[in-house]
Amino acid sequence: ETKTVEALVAELKAKFCGTITLETDTIESAEEKDWVVNRFSQLQSQDASDSEKHRMAEILIKSQALDQYLAIKFPTLKRYGGEGAESLLVFVDQYLRSTSQSGVDEVMIGMPHRGRNNVLVSLLNFPIEGLSEFPDEALSIATGDVLSHLSVSNDFKYEDGRKLHVNLIPNPSHLEAQVPVAIGKCRGRQQTLRDGDYSDGEATRGSKATCLLLHGDASFTGQGIIMEALNMSKLAHFDIGGSVHLIVNNQVGFTTPPHRGRSSPYTSDIGKMIGCPVIHVNGGEPEQVHRAAQLAVEYRHKYRKDIIIDLLCFRKWGHNEMDDPTMTQPVMYGVINNRHSIPDDYAGKLKVKCNDLNILTETQIESWKAEEISRFNDAFRMNESVEFPSYLAEGSNWVTTWDTGCHPDILRFVGAKSVAVPKDLKTHNRIQKSHSDTRMTKLTSDGLIDWALAETLAFGSLIHQGYNIRLCGQDVGRGTFGHRHAMMVCQESGAVNIPLNELSEKCHLEVVNSLLSEEAVLAFEYGMSVEHPNRLVLWEAQFGDFFNGAQIIFDTFITTGEAKWLQQSGLVILLPHGYDGAGPEHSSCRIERFLQCTNMNMSVCHPTTSAQYFHLLRRQMLRNFRKPLIVASPKILLRLPVTSSHIKEFESGTHFLPVIGDTSAQSPQTVKKVILCSGKHYYALEDQRKKLSQNDKDLKNVAIVRVEELCPFPTDALRQELARFPSAETFVWAQEEPRNMGPWSFVNPRFANLLGVQLKYCGRPVMAAPAVGIGTLHTEQVKTILSD
């Protein structure tokens, strides 16, 4: 075909310079770039069918009806409505339909508050009746959440007969925090469905489950968690076969204009980091938004990569409906307040265009409005009579003990398998000698199980029982302190082998040496953990204090997820902790912060033996409910011989002990002083006691009791242990941490109020930093604490 330059320029302008355009500059593959451009051009030449236009108009009108109804019925409600961005519903609807047609079975959606209720009610069949989203018996533990954080999980069947399950996950107010959670939950769903990396055959990632992510324009560029999440998109163990990102770009962040909210021209520019295509589309053109959704789904399905859609729209009101945006954006809102709404505008165009064909009439539009208003009124009238079914699996009100031991033959079998590698894999000489050979010796001779082997036995026995395990964090394969070696690396080829994966064909240990991120990685692992209760997911910080890079995830998901959404998680957090002169940043896991957030919502433990750690891990899966587990894990204790436990402490009939009493006291009745402590500090105290005893000091009247589980606070176990010392006059809480940190502020009132015990404090004084950085000061502090 021959065209003049003028005709070609006109054609290109029509396709790429109108209300929709395309960015492909950073796509590395020429073939991929050509496909995107050609498919974009094809879709521009195709008109939506009459039925599709009809459906788009209906979605828009009904969404507007919801916002208008809520504005009248609840005029002071902050609903963060979709007015001005209603086309996002057109996008989501077409995305779901096209995704279903591509053969995908399930979609995980993560989105913020803007327009969320419109998506829930207008598209995802959220039940709008009722006063509470929880059954009555859950209200004792549930706080609930605000209207703009609601979630839903529903099945849909489309006109072509295809089915699709859609799960919109709950979100916090911290913008974008839900993004890696949704991706992680999608990855977890892929494992459950045996999709992609978890398939028995050659299935490509994202064939059965995929992810749709909605964002705000200001938060997409402003929140670092987005960069972290995009960085994950092509990494092994995080790749889900691509996500579709829809930026609802209302061109203002609360009151901040774009030129003060980012340094790049477009809100989508961060996506150039991973070379993904970007579609810019005007939200005032629903049919172009419809085409953008179609192209996004096709691209993701064909290339299994991320794609971004920049939906330019507006926000009719301020940040919420109570806010007056004209105070800060008078010019913008002068335009907004003098224009028709997107639903009315599109419906009006269809009336003019299609009136002769009788596709859309004023009568039809009014019937949609009336239908919705009637539905809302009916729901409003019946809200007090709705009963919600119970679906809550919660732990008993009483203290429960779970047999978490294993038959010794299983333990020995797992231990041997953990160091068995293929004959052609040459292991590192040091690993072979100090790890593999030593482990076999322990299993066959003295029966003493060190920390790393205890963890391995917990993992392997759970795999043997049918549980999948995922261990994630920076350097977790080897372990920060070179103790784990869950993955063996061939010294000749670099090939990686995970010995425990020879235990089962159905269940596996996934070892993930993560990217250098805390917030997005932890959020991803939380998503993995909540997807299925029979998956043990662990995240290990390189050092305990590094968790604070993920503080938002702890505050908004891990510690509060069950209370807000009745969403249980068995996620295990391993935080290396201990004062050994490493300085302010590598000593404390800030255990006080977790204890401050506890209300029977998670376990916080500081175990002192390998058997205790073994039982904690197995308890996470074997009990009939799920709670997060925070472990102040060891550093120097990993190789301290006295922390090793005999294999008898792992056998059937054994379990985790929340309190370990002092068995060295020959006459408990004569004990005058009881020292209570937690974690590594116990061994320093015990060493000091032995040294003083060698100097002829009589310490038979001193007992040292270990509190292994700080929360739930072990009241009954402590009462029983302290009852052994009827003559005790002094009770001391000893800790390594400063007085304003560590467990002191948590345990002191509980000992007083629940046990009637007045504690004395022994530890570092109040400090700003968790630990000193000067070696001589550290040594002096240790001497002072032990002498006191």
Pick out which of His319, His174, His215 makes a ring-ring contact (aromatic ring centres under 6.0 Å, His included) with His113.
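Result: among His319, His174, His215, His319 is the only option passing the ring-ring contact (aromatic ring centres under 6.0 Å, His included) with His113.
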If we check side chain to side chain contact (heavy atoms under 4.5 Å, CB included) with Val289, which of these qualifies: Asp93, Ile342, Leu311?
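Filter result, single survivor: Leu311.
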Would you please say whether a donor-acceptor pair under 3.5 Å links the side chains of [X] and [Y]?
| X | Y | answer |
| --- | --- | --- |
| Asn171 | Arg116 | yes |
| Gln551 | Glu518 | no |
| Gln288 | Gln44 | yes |
| Ser529 | Ser569 | yes |
| His149 | Ser173 | yes |
| Gln94 | Ser98 | yes |

Tell me whether the count of non-hydrogen atoms from other residues, nucleotides or ligands lying under 6.0 Å of CD in Glu31 goes above 12.
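Counting neighbours around CD of Glu31, more than 12 heavy atoms of other residues, nucleotides or ligands fall under 6.0 Å, so yes.
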More than 12 foreign heavy atoms under 6.0 Å from NZ of Lys33: is that the case here?
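Result for NZ/Lys33: enclosed.
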Can you tell me how far the [atom1] atom of [X] sits from the [atom2] atom of [Y], to the nearest 0.5 Å?
| X | Y | atom1 | atom2 | value |
| --- | --- | --- | --- | --- |
| Asn118 | Leu60 | CG | CG | 10.5 Å |
| His301 | Ser102 | NE2 | OG | 5.0 Å |
| Cys313 | Asp217 | SG | CG | 7.5 Å |
| Phe126 | Ser153 | CZ | OG | 12.0 Å |
| Lys351 | Asp344 | NZ | CG | 8.5 Å |
| Thr24 | Leu22 | OG1 | CG | 5.5 Å |

Nearest heavy-atom neighbours spanning [X] and [Y]:
| X | Y | answer |
| --- | --- | --- |
| Glu228 | Ala520 | OE1-N, 2.9 Å |
| Ala209 | Leu193 | CB-CD1, 4.2 Å |
| Asn468 | His508 | OD1-N, 2.9 Å |

Strictly distance-based, threshold 3.5 Å: is any side-chain N or O of [X] a donor or acceptor partner for the main-chain N or O of [Y]?
| X | Y | answer |
| --- | --- | --- |
| Ser219 | Gly216 | yes |
| Gln190 | Ile240 | yes |
| Asp195 | Ser207 | yes |
| Arg262 | Pro265 | yes |
| Tyr346 | Ser341 | no |
| Arg535 | Met528 | yes |
| Ser87 | Val90 | no |
| Thr21 | Cys17 | no |
| Ser122 | Val119 | no |
| Glu540 | Val476 | no |

Please examine the side chains of [Y] and [X], heavy atoms only from C-beta on, and report whether any two atoms are closer than 4.5 Å.
| X | Y | value |
| --- | --- | --- |
| Trp539 | Phe524 | no |
| Ile225 | Val179 | no |
| Glu519 | Ile552 | yes |
| Phe220 | Asn249 | no |
| Pro170 | Asp145 | no |
| Val521 | Met232 | yes |
| Phe238 | Pro180 | no |
| Ser151 | Ile169 | no |

Between Gln42 and Gln46, does the side-chain hydrogen bond (donor to acceptor under 3.5 Å, both in side chains) criterion hold? Intermediate values first, please.
CA-CA 7 Å; Gln42 291 170 6; Gln46 297 173 7; 5.2 Å; no
One pair to check against salt bridge (Lys or Arg N to Asp or Glu O under 4.0 Å): Asp25 and Lys272. What are the steps and the verdict?
CA-CA 8 Å; Asp25 292 349; Lys272 294 178 179 179; 5.7 Å; no
With a 4.0 Å cut-off on N to O distance, would you call [X] and [Y] a salt bridge?
| X | Y | value |
| --- | --- | --- |
| Glu531 | Lys185 | no |
| Arg187 | Asp197 | yes |
| Asp47 | Lys53 | yes |

Parallel, tilted or perpendicular: rings of [Y] and [X] (30°, 60°):
| X | Y | value |
| --- | --- | --- |
| His280 | Tyr266 | tilted |
| Phe546 | Phe543 | perpendicular |
| Phe547 | Phe554 | perpendicular |

Going through the checks in order, is the salt bridge (Lys or Arg N to Asp or Glu O under 4.0 Å) test met by Glu298 and Lys302?
CA-CA 6 Å; Glu298 291 182 14; Lys302 183 174 179 63; over 6 Å; no
Would you sort out whether Gln542 and Asp475 count as a side-chain hydrogen bond (donor to acceptor under 3.5 Å, both in side chains), showing the intermediate values?
CA-CA 7 Å; Gln542 195 171 57; Asp475 313 305; 2.5 Å; yes
So Lys349 and Glu285, salt bridge (Lys or Arg N to Asp or Glu O under 4.0 Å) or not? Walk me through it.
CA-CA 11 Å; Lys349 290 178 181 177; Glu285 298 289 336; 3.7 Å; yes
Can you list the steps and then say if Arg300 with Thr99 is a side-chain hydrogen bond (donor to acceptor under 3.5 Å, both in side chains)?
CA-CA 10 Å; Arg300 202 263 353 147; Thr99 298; over 6 Å; no
Given the rule in the salt bridge (Lys or Arg N to Asp or Glu O under 4.0 Å) test, do Arg79 and Asp67 qualify, once you have shown the distances and angles that lead to the verdict?
CA-CA 8 Å; Arg79 52 191 162 82; Asp67 280 319; 3.0 Å; yes
Show, in sequence, the C-alpha distance, side-chain angles and deciding distance for Tyr158 and Gln101, and conclude whether the side-chain hydrogen bond (donor to acceptor under 3.5 Å, both in side chains) test is met.
CA-CA 9 Å; Tyr158 295 105; Gln101 290 168 3; over 6 Å; no
Does Arg260 make a cation-pi contact with Phe254 (under 6.0 Å, within 45 degrees of the axis)?
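Not flagged: Arg260 not positioned over aromatic ring of Phe254.
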Could you go through the side chain to side chain contact (heavy atoms under 4.5 Å, CB included) check for Ile573 and Leu522 one step at a time?
CA-CA 9 Å; Ile573 313 290; Leu522 180 60; 3.6 Å; yes
